[in-house]
Amino acid sequence: MTYIIDKIYGQVAGAVKESIERAVGEGLLPPGTVISEISIEMPKERIHGDFSCNAAMGMAGSARMAPVRIAGIIASGMDFTGTYIKRVEVAGPGFLNFFADDGWLRDSVADVLSMGGDYGKLDIGKGRRVMVEYVSANPTGPLHMGNARGGALGDLIANVLKKAGYDVTKEYYVNDAGNQIEKFAQSLELRYLQQINGPDSVVFPEDCYQGGDIIDHARNYIESGLEDLSGKPSDYRRKMLAAYALPINIENIRKGLKRYGIEFDNWFSEQSLYDSGELDETIEFLMENGHTMEKDGALWFKSGSMESEKDEVLVKSDGFKTYFASDLAYHRNKFKKRGFDRVINLLGTDHHAHASRLKNSMPALGIDSDRLDLVLFQLVRLMRGGETVRMSKRTGRAVSLDELLDETGVDAARFFFNMKASGSHLDFDLDLAVKQSNENPVFYVQYAHARICSMLRILGREGIDTGSDACPSLDLLTKDEEKDLMRILALYPQEISISARTLEPGRLTRYVIDVATAFHSFYNACRVKGEEKELMEARLALVKATLSVIRNVLDVLSISAPEKM
RNA sequence: GUGCCUGUAGCUCAGCUGGAUAGAGCAACGGACUUCUAAUCCGUAGGUCAGGCGUUCGAAUCGCCUCAGGCACGCCA
């Protein structure tokens, strides 16, 4: 897939490269001149041209000449026949500034119209299979704000990679085994006993799950008339209560995420690694390959040569396997059993240490650690009444995803969480949440969409064909507002490309705001209805292309595109 | 104490593989609706890019140091 924007970048870079080679051949530039990678950018200032190249500055060192002189030599011998470029200027410290014919803008709009929803698709993924694992919250309680951020980000990354040509699988890792499940079962048991024997009958320890949902589970269990557990052994009681509550929690998580617009292709159970024997296989594999050692009755994973890395316990002295062990088995499963080419894990920064240890451990499993990408996002800090609210399931004071969505709505929440780079902190002021939802840029973008829909409705009512796929002549679109809008539409493939490469797709929210801004400016400067036929048709085509791109981006963001507001 | 992340306009944040006069939204101020949606547009104002030193033609961007905040350092997950 080659877009106009890629083509014109190629034309500029090609012309520069050709000109440099010829100048070297003719002795105008010294033979040893190193041609650095030719990078093209679009200058902020229009007087600096449509595209600019700083190759001359990069070559100054090896050519032992002033950048301006080199730029002059390159510029003087350029051939632009058969390209969108009209002319070149040397400016500033040695920039080569290129001025393009507006034809590239018109051709881009034509592409948008002909490709529709496929516009922006790329083949950089080459169909490779990539798994994006995100949310993966412990099923011991409801989803909270941190999960909301990770969910919005992970889902967007997955959607972008799909758009970029990867074969994407979205996966949720269900931590339904291990220590926190024990703690969950114990908490349930104690709440159960409190229900039966009164609140003071047992002590409820601080390290148990304090949330009210645990109490609800205990009460619901009793009220639903299931087996009376009061006289049974503790082990059995815990097992039954956990077996009762866990599926309910998982189902609630699933429903909550669905409401949030997230549907996973696969829910992978940690317990299944125990049941299938893969966990034991993995540990044996590590032992056979000399990556383990025994100490103090426990089995340890020997970290590589890195002195700073600490060794990790795989099997505790009491025989229980650690989370680290099952995570290794899980990743062995992802790469070896299921054959993913690439795996992306989203994690809160509080798991940073664990995550980098996991990544560094991949070679011990025979996996190139470059195939595992970690996307770390800063946790959401919740502010209420000017105070920080700690979000921990154990303290039971977390704000749930459902509560958040009740206040802000799905669209605003998903947009909001993707407006900031993953690495930046995010303070969420609950008191401002409702007010903020009115100011949220998502409405600005949706408004542009609704406005266009309204325009098309009215034009259609006047008997104008708004559904035609044909692209009329766009030669009459010469005003700044029209060209600015065309230009921003032409940039979409690059936005997808950069988002996919950097795994930082938050820029798409900013991009679609820019599209909306350019459209609103156009709307105020140019009329469609009532203009002379040819101009009206050209503007109508531009408006339709804008609608298509806005819809396209909102679709990737999984945000609704209302036709009326 | 050690490691990682963050520090840019009053607020929330872009920009960070070095490039031209550091951008946007909100808030503030001044304008624009008898016209396809004013949830909009146009304009004004707003900066020691936390601070310091260095690297070079050029630093918000790269390196070192300091300061401030967050997170992690368990036979927890």
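Chain identifiers are assigned alphabetically (A, B, ...) following the order of the sequence lines, protein sequences preceding nucleic acid strands; residue numbering begins at 1 within each chain. Because the structure is predicted, anything quoted here is derived from the model rather than measured.
Judged by a 6.0 Å distance limit and a 45° cone about the ring axis, A:R451 is positioned over the six-membered ring of A:Y523. Taking the ring axis of A:F417 as reference, the NZ or CZ atom of A:R149 does not stay both within 45° of it and closer than 6.0 Å to the ring centre.
Applying the ring-ring contact (aromatic ring centres under 6.0 Å, His included) rule to A:F98 yields no partners; only residues at least two apart in sequence or on another chain are considered. For A:A364, the side-chain contact (heavy atoms from CB on, under 4.5 Å) test picks out A:L286, A:H291, A:F301, with sequence neighbours left out. For A:S136, the side-chain hydrogen bond (donor to acceptor under 3.5 Å, both in side chains) test picks out A:E133, with sequence neighbours left out. Listed by chain and number, the residues in a ring-ring contact (aromatic ring centres under 6.0 Å, His included) with A:F415 amount to none (sequence neighbours excluded). Annotation: side-chain hydrogen bond (donor to acceptor under 3.5 Å, both in side chains) contacts of A:R510 (sequence neighbours excluded): none. Taking A:E278 as the reference, A:S276, A:N333 meet the side-chain hydrogen bond (donor to acceptor under 3.5 Å, both in side chains) condition, with sequence neighbours excluded.
Across the protein-nucleic acid pair, A:E270 atom CD and B:C76 atom P stand 14 Å apart, rounded to whole Å. Summarising the geometry, the separation between CD on A:E462 and C1' on B:U35 is reported as 12 Å, rounded to the nearest angstrom. As a whole-Å value, the separation of A:F324 CZ from B:C76 P is 14 Å. Rounded to whole Å, the distance from CG on A:L314 to P on B:A77 is 11 Å. What separates CZ of A:F519 from P of B:U40 is a distance of 13 Å, to the nearest Å. Computed from coordinates, the A:L374 CG to B:A72 P distance equals 17 Å when rounded to whole Å. In this entry the distance linking CG of A:L456 with P of B:U37 reads 10 Å, nearest Å.
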- Task: Between protein and nucleotides 1-11 of chain B, map the contacts as a letter string: B base, S sugar-phosphate only, - none, heavy atoms under 4.0 Å, written 5' to 3'.
- Result: ---SSS-----
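OP1 or OP2 of B:A38 lies within a sub-4.0 Å distance of a side-chain N or O belonging to A:R451.
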Under 3.5 Å, which N/O atoms of the protein pair with N/O atoms of nucleotides 60-62 of chain B?
none

Distances for protein N/O vs nucleotides 16-27 of chain B N/O pairs under 3.5 angstrom?
from	atom 1	to	atom 2	distance (Å)
B:G19	N7	A:N54	ND2	3.3
B:A20	N6	A:S52	OG	3.2
B:A20	N6	A:N97	OD1	2.9
B:A20	N1	A:N97	OD1	3.3
B:A20	N1	A:N97	ND2	2.9
B:A20	N3	A:H48	NE2	3.3

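A heavy-atom distance below 4.0 Å to RNA chain B is reached by none of the residues of residues 410-419 of chain A. Less than 4.0 Å separates RNA chain B from at least one heavy atom of each of the following residues of residues 521-541 of chain A: A:S521, A:Y523, A:N524, A:C526, A:R527, A:V528, A:K529.
Summarising the geometry of A:K479 relative to A:C526, their closest heavy-atom pair is CD-SG, 3.9 Å, with the distance given to 0.1 Å. When all heavy atoms are compared, the tightest approach of A:N440 to A:A412 is ND2-O, 3.6 Å.
In this structure, A:Y444 reaches the sugar-phosphate backbone alone: every heavy-atom distance under 4.0 Å involves primed, P, OP1 or OP2 atoms, never a base. Within 4.0 Å of A:D296, counting heavy atoms only, lies at least one base atom of the nucleic acid.
For B:A77, the base is stacked against the aromatic ring of A:H351, per a cut-off of 5.5 Å between centres and 30° between planes.
A salt bridge links A:R46 to A:D484: at least one charged side-chain nitrogen sits closer than 4.0 Å to a carboxylate oxygen. Classification of A:R551 and A:E563 as a salt-bridged pair holds, one side-chain N sitting under 4.0 Å from a carboxylate O.
Taking the syn range as angles within 90° of 0, the glycosidic angle of B:C33 is syn.
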- Pairs counted as Watson-Crick or G-U wobble with both distances under 3.5 Å: what dot-bracket string results for RNA chain B, using | for bases tied to another strand? (((((((..((((.....[...)))).(((((.......))))).....(((((..]....))))))))))))....
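With 3.5 Å as the limit, one finds a donor-acceptor pair spanning the side chains of A:E270 and A:S326.
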